[in-house]
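Counting starts at 1 for both ligands and their atoms, following the listed order.
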Amino acid sequence: MSELLLETRELTKAYGRQRAVDRVSVHIQKGAIYGLIGRNGAGKTTFLKMISGLAKPDSGALALFGYQGQELSKIRQRVGCLIGGPGLYPYLSAEDNLNLKCMFMGIHKKGYVAELLSMMGLYEARRKKAGKFSLGMKQRLGIALALVGQPDLLVLDEPINGLDPQGIAEVRETLIKLNEDHRITMIISSHILEELSKISTHYGIIDHGCLLQEISREELMKQCGERIEIAAEAPERMLPFLDSMGFHDYQMIDGEKLYIYERLEDAPLVNQMLVQHGIFVKSVSVTRGDLENYFIRMTGGGKQ
Ligand code: ATP
């Protein structure tokens, strides 16, 4: 079984009479990119603040790396967060913004800031003032700041909000790289399921402060009908090749077709692989699921 890095039990916080977060229980595995999805005002920021130690829950419990209650203060530096904007000093260079954070955190390792800048693709721009950065670069610098101290968990509140497509792609690639190369677990909020779907391995859907569903990427893809469909003669012959390509989540349909519920972008590669191994492929197609529609259905859609 996978190890849980973060678990909440009925976490609750109210502002006045309104429960911004209402008995939310999430389960986040080590290595996951957990997309917290909900429309504006759903309670995402409040929830992220509580797990980052920036807001105090009214009730419920939180376990981080197996630590709970008072013990949480011991492991706070293992959590990096970007909540409510990147918090940059606009008149300082990217490098000096990072130097300052390192100083606050007592980190004096030589080459550390340069390494962070390179990781975020900002090394060339290190001497430029942060205020002169594009929005995408500012967000990446914000993520670099959150990474100071080498956290194991990154908490990012709407990191792609307001970015143009280029900026979104840059931030997305950066996050995937951090997760894959550095094994950093992440929780990322957004109100756009489509965007999160390109990176998240798991989702929590939140609405009016309540968690409606926790679902894995594969399960979500299935529920939305998203898949690669392959028709071939003797489809069972495809299975060893799919295994060798690292696919796990596929299904034979009526002995004629095969549905793959992951890595839709690899459909051409699958085709090439099968043909190369002498399998007669009749057709390969990709069916895109309607994620936004699914989200709207889950959250009651037009009623609100
Ligand atoms: P958004 O994407 O708009 O930030 P969100 O999903 O992050 O939305 P929250 O910011 O957590 O939602 O807000 C949840 C509810 O709590 C909202 O109704 C909001 O008005 C209310 N709220 C949040 N912070 C406060 C506060 N400091 N004082 C009073 N009400 C608050």
Members sharing Val286's hydrophobic cluster (side chains within less than 4.5 Å): Met221, Ile228, Ile230, Met238, Leu239, Phe241, Leu242, Met245, Phe247, Tyr250, Met252, Leu258, Ile260, Leu264, Leu269, Val270, Met273, Leu274, Val275, Ile279, Val281, Val284
Hydrophobic cluster (4.5 angstrom, side-chain heavy atoms) - remaining members for Ile253: Tyr259, Tyr261
Evaluation steps, side-chain hydrogen bond (donor to acceptor under 3.5 Å, both in side chains), between Asp58 and Thr12: CA-CA 6 Å; Asp58 294 334; Thr12 301; over 6 Å; no
For Glu10, all residues meeting salt bridge (Lys or Arg N to Asp or Glu O under 4.0 Å), sequence neighbours excluded: none
Trace of the side-chain hydrogen bond (donor to acceptor under 3.5 Å, both in side chains) decision for Glu158 with His191: CA-CA 8 Å; Glu158 301 260 6; His191 57 282; 3.1 Å; yes
Close residues, ligand 1: non-hydrogen atom nearer than 4.0 Å: Tyr15, Gln18, Ala20, Arg39, Asn40, Gly41, Ala42, Gly43, Lys44, Thr45, Thr46, Glu158
Pair Lys44 + Asp157: basic N to acidic O under 4.0 Å: no
